[in-house]
Amino acid sequence: MKRLKGLLILPVLCLMVMLYSSPVKAEEAVYTTTANDVTVTLQTDKSEYKAGEEIHYTITVENNRYSWDINSFTLTYKNTEGLKAAQEDSMPDTMPDIPYGESASISGIMVGDPELFPSTGLSGGVIAGIIVGVVVLLAVIVVIVSLLRKKKGGAKAAALVLALILTGQALQAEAAPDDTVDMGPYLRITYAGQEVIVRATMDIPMKQQLQVIAPEDRLTYQRITCHDPSIFRDFDGTYYILGTHMTGGYTKDLYNWTSIDNEYRASFTEEVKAQIRAWNKDETAGSWFDYLWAPDIIYNPIMGKYCMYLSANGDDWKSNIVLLTADAVEGPYSYVGSIVYGGFTQDDIGETDAPQVLGTDQIPERYVTNGIANRKWGDKWPNCIDPCVFYDDDGKLWMSYGSWSGGIFILELDEETGLRDYNVTYETNEHSDAYFGKKIAGGAYVSGEASYIQKVGDYYYLFISYGGLEAKGGYNVRVFRSEKPDGEYVDLIGNSAIYDSYVLNINQSVGVRLFGGYKWRVFNSGLVAQGHNSAFVDEDGRAYIVFHTRTDNGSEGHYVKVHQLFVTKEGWLVSAPYQTTGEALKNGGWSVSEVAGDYEVILHEMDIDYKNLETKNTQLITLHEDGTVTGAYEGTWRLEDGTSYIVLSMNGQDYSGVTLSMNVEFSTIETQVFTAVGLKDQVTLWGSKVID
């Protein structure tokens with residue numbers, strides 16, 4: 001009985017607590033909310049007002065988002081109907097610019113419409129408190145009666161629920177970083193005996209601060225335009241790139257380029273131009289080189305020639321890859337022959353080498369069923385463009401090729417002629433064809449082009465560009481690997497590079513994603529649509545990726561970039577976060593104290609809004625010497641003694657990569673960086689130690 005009396009005291013105490021702690025009794029009312037390190041506070045001078053009394057309020061915005069400024073913006077009031085400005089212009093709605101680390105406030109005065117808020121004799125706050133108190137009292141009595149009939153464990157659970165109700169605790173999900181922060185602070189107050197809401201909604205626009213590099217620390221790069229750049233290192237150490245529409249350039253340091261477009265194009269005679277064009281008969285091209293795409297160049301020591309493999313792309317799937325040879329990279333080039341043809345019919349198959357390969361002058365039915373006449377050639381067969389030619393460890397010569405449509409195929413070439421090796425035969429099945437060779441990636445019109453195969457360390461790595469090449473096309477580089485030059489190529493989590501049915505794969509988690517749209521603070525514009533790369537391993541063992549990139553400025557302009565590649569402990573490639581300027585991994589690795597510090601990081605997420613030119617901006621984290629990570633992402637990190645390997649455990653997975661020192665892009669300032677790939681999500685995480 002004594003226990004029952006003690007329990008019955010609880011409802012009375014609860015009622016007293018509710019009445020005493022009711023916010024309407026406070027002298028002022030305050031609401032504060034935070035998202036993305038932006039804090040908004042809405043405050044009124046009181047929480048209870050009589051009819052006709054003025055409500056004085058203040059809205060304060062505090063910007064603690066590192067390296068981001070808030071631009072001036074207009075907020076919208078969504079108060080309870082009847083609350084209006086006390087005088088003209090007494091409810092300001094424009095917040096000024098707010099730099100990082102600062103705050104700004106606006107204050108105003110509103111009043112209630114007397115027709116909607118007549119005078120009452122009893123305080124609305126008191127009424128509200130009594131009602132709430134009675135409701136809580138009844139609820140508590142029900143709970144207590146239930147507890148008396150249940151086991152001890154149930155009583156504890158009910159007591160926990162009651163405690164949460166009385167303390168008003170709740171869980172809040174942290175908003176994801178964005179360029180706009182949406183906030184809606186509000187207060188419930190009492191006006192003329194009625195509960196009303198004072199509310200403001202705002203879309204807070206944010207702009208990341210540019211990293212200011214002092215003039216004496218600036219490093220300029222001589223850029224050139226070369227779409228689909230294929231790189232070749234000549235015997236004197238000069239690096240050459242050749243690209244679509246017969247463009248090209250050279251460099252000694254991989255970041256200062258000189259164009260050779262004019263000289264390169266001028267080296268082609270009218271006879272060679274006609275030989276290249278013979279199969280395609282493309283009447284829609286403007287200049288003679290408008291239909292010539294993505295050449296790849298090697299030096300063939302047996303032939304003693306520079307061999308260029310060039311895409312000639314015409315109408316109605318009439319495409320082919322031709323071999324041209326020269327005694328110098330810049331030309332002049334002579335026509336040798338075609339490696340593979342696409343888009344043939346019974347009428348013109350005799351103009352190709354298909355009869356020689358297939359042993360018949362009659363076109364096989366499979367090239368008719370999936371043919372040009374019924375517009376189904378691309379359902380099964382490749383568009384014969386985008387060649388990549390390379391030697392394997394045994395000295396065999398290979399060529400991968402293809403774009404979207406039927407997929408990416410590979411053929412063995414003859415090392416003595418540079419043409420197709422007619423002694424090698426291929427099966428005809430779902431992933432192989434007697435004429436086109438072995439399929440190694442893509443198919444079913446799934447996006448994927450610009451295959452490039454490069455041996456780095458223990459594996460052959462297959463690079464493919466997903467998406468469309470336009471700025472808003474979602475172009476992005478994916479990587480697969482194999483122990484053999486002709487596959488099977490798989491990604492980090494075991495996905496095959498081959499597709500047997502159509503999917504929209506631009507943002508799909510198949511293939512390791514090297515990078516997507518991104519923007520360091522030293523960039524005036526973000527970079528998007530990086531792709532159609534080549535890659536190579538230099539004489540010192542360092543590997544590089546060469547690609548063209550567009551920007552998010554709304555144009556289709558593009559230029560060439562070169563980043564160093566590194567192999568993770570698990571044998572996967574990651575790209576350095578900045579343009580290469582000669583950096584290298586440190587022998588013996590780094591100490592924890594050397595690597596620890598504040599980092600700006602870019603997480604190249606798989607799902608990106610490429611149609612709206614989305615770029616990933618930097619966020620701030622801290623790598624503490626005790627192995628913890630705090631900031632925009634939280635977790636742990638560790639180094640492997642005696643190596644450059646680093647692992648960051650965040651977002652429920654491990655990001656494995658390397659750490660090194662390199663120049664911040666566009667500067668001579670060195671800083672510690674890391675580049676790592678998620679072992680579950682297959683996207684790259686970049687970090688650069690803060691320099692300001």
Side-chain angles (χ1 to χ4, degrees), residues 228-232 242-244 276 279 292-303 305-313 319-325 333 335-342 352-354 356-357 381-426 431-443 448-455 460-465 480 482 484-489 497-498 532-536:
D228 313 331
S230 175
I231 194 160
F232 172 78
L242 300 178
T244 288
I276 296 173
W279 171 250
L292 301 179
W293 297 351
D296 191 32
I297 186 171
I298 64 166
Y299 182 80
N300 187 316
I302 297 177
M303 298 172 65
K305 295 286 185 179
Y306 293 87
C307 294
M308 181 198 302
Y309 295 83
L310 176 65
S311 306
N313 189 62
S319 56
N320 64 321
I321 295 170
V322 302
L323 170 61
L324 307 166
T325 60
Y333 281 90
Y335 179 84
V336 177
S338 286
I339 313 299
V340 63
Y341 295 83
T352 75
D353 65 345
Q356 180 182 354
V357 174
W381 314 123
N383 193 16
C384 299
I385 62 172
D386 294 356
C388 168
V389 181
F390 65 98
Y391 287 97
D392 68 14
D393 287 343
D394 297 324
K396 289 184 178 181
L397 190 60
W398 300 82
M399 183 184 77
S400 66
Y401 69 99
S403 173
W404 292 57
S405 58
I408 308 297
F409 287 73
I410 193 167
L411 290 168
E412 285 192 50
L413 304 184
D414 186 331
E415 294 78 30
E416 295 187 358
T417 66
L419 297 169
R420 181 187 185 118
D421 188 337
Y422 292 101
N423 294 317
V424 178
T425 60
Y426 304 89
H431 295 152
S432 182
D433 182 74
Y435 180 71
F436 293 111
K438 182 180 180 181
K439 182 187 290 188
I440 58 173
E449 62 183 20
S451 65
Y452 204 90
I453 297 173
Q454 176 64 52
K455 180 78 178 294
Y460 293 91
Y461 293 92
L462 169 65
F463 300 81
I464 301 179
S465 294
F480 302 81
S482 173
K484 299 188 299 181
D486 59 345
E488 177 187 10
Y489 284 95
I498 295 175
H532 205 124
N533 70 282
S534 55
F536 75 104

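We're numbering straight along the sequence, starting at 1.
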### Task
Show your reasoning for whether side-chain contact (heavy atoms from CB on, under 4.5 Å) applies to Asp393 and Tyr460.
CA-CA 10 Å; Asp393 287 343; Tyr460 293 91; 3.6 Å; yes
### Query
Is a side-chain donor or acceptor of Ser230 paired with a backbone partner of Ser534 at a separation under 3.5 angstrom?
no
### Summary
Taken to the nearest 0.5 Å, the spacing of Leu411 CG from Phe436 CZ works out to 9.5 Å
### Message
Can you confirm whether Tyr391 sits close enough to Asn300 that some side-chain heavy atom of one is under 4.5 Å from a side-chain heavy atom of the other?
### Response
yes
### Taking every non-hydrogen atom, the tightest pair across Gly448 and Ile408
O-CD1, 4.0 Å
### Task
State whether the side chain of Asp296 and the backbone N or O of Val389 hold a donor-acceptor pair below 3.5 Å, judged by distance alone.
yes
### Query
If every non-hydrogen atom of Gly418 is compared with every non-hydrogen atom of Met303, which pair is closest and at what distance?
N-SD, 3.7 Å
### Query
Closest heavy-atom contact between Phe536 and Gln454?
CA-OE1, 3.6 Å
### Task
Answer yes or no: is there a side-chain heavy-atom contact under 4.5 Å between Glu412 and Tyr426?
yes
### CE-CD1 distance between Met308 and Ile297, expressed to the nearest 0.5 angstrom
5.5 Å
### Message
Would you compute the distance between atom CG of Leu310 and atom OH of Tyr333 and round it to the nearest 0.5 angstrom?
### Response
10.0 Å
### Query
Is Ser311 reaching over with its side chain to a backbone N or O of Trp293, donor-acceptor style, under 3.5 angstrom?
yes
### Query
Can a donor-acceptor pair be found between the side chains of Asp392 and Trp398 at a distance below 3.5 Å?
yes
### Task
Would you check if Thr352 and Trp279 make a side-chain contact, meaning some heavy-atom pair closer than 4.5 Å?
yes
### Message
Within this structure, what is the CD1-CD1 distance for the pair Ile464 and Ile440, rounded to the nearest 0.5 Å?
### Response
7.0 Å
### Task
With rounding to the nearest 0.5 Å, note down the distance linking CZ in Phe390 to CD1 in Ile410.
4.0 Å
### Message
Less than 6.0 angstrom separating the ring centers of Tyr309 and Tyr401, yes or no?
### Response
no
### Task
Tell me yes or no: between the side chains of Ser403 and Asn383, is some donor less than 3.5 Å from an acceptor?
no
### Message
Which heavy atom of Leu462 sits nearest to which heavy atom of Ala497, and what is that distance?
### Response
CD2-CB, 4.4 Å
### Query
Any idea which heavy atoms bring Ser338 and Tyr335 closest together, and the distance?
OG-OH, 3.4 Å
### Query
Are the side chain of Glu415 and the backbone of Leu397 linked by a donor-acceptor contact shorter than 3.5 Å?
yes
### Task
Supply the atom-to-atom distance Cys384 SG to Ile339 CD1, rounded to the nearest 0.5 angstrom.
11.0 Å
### Message
When you measure from the side chain of Ser482 to the backbone of Glu488, do you find a donor-acceptor pair of N or O atoms at a distance under 3.5 Å?
### Response
yes
### Message
Does any part of the side chain of Val357, heavy atoms only, come nearer than 4.5 Å to the side chain of Arg420, both counted from C-beta?
### Response
yes
### Query
Between Lys438 (side chain) and Asp486 (backbone), is there a donor-acceptor pair under 3.5 Å?
yes
### Any donor-acceptor N or O pair under 3.5 Å, side chains Tyr435, Asp353
yes
#### Entry: Close side-chain approach of Val340 and Met399, heavy atoms under 4.5 Å
yes
### Task
Please report the closest heavy-atom contact between Phe232 and Tyr306, naming both atoms and the distance.
CE2-CE2, 3.4 Å
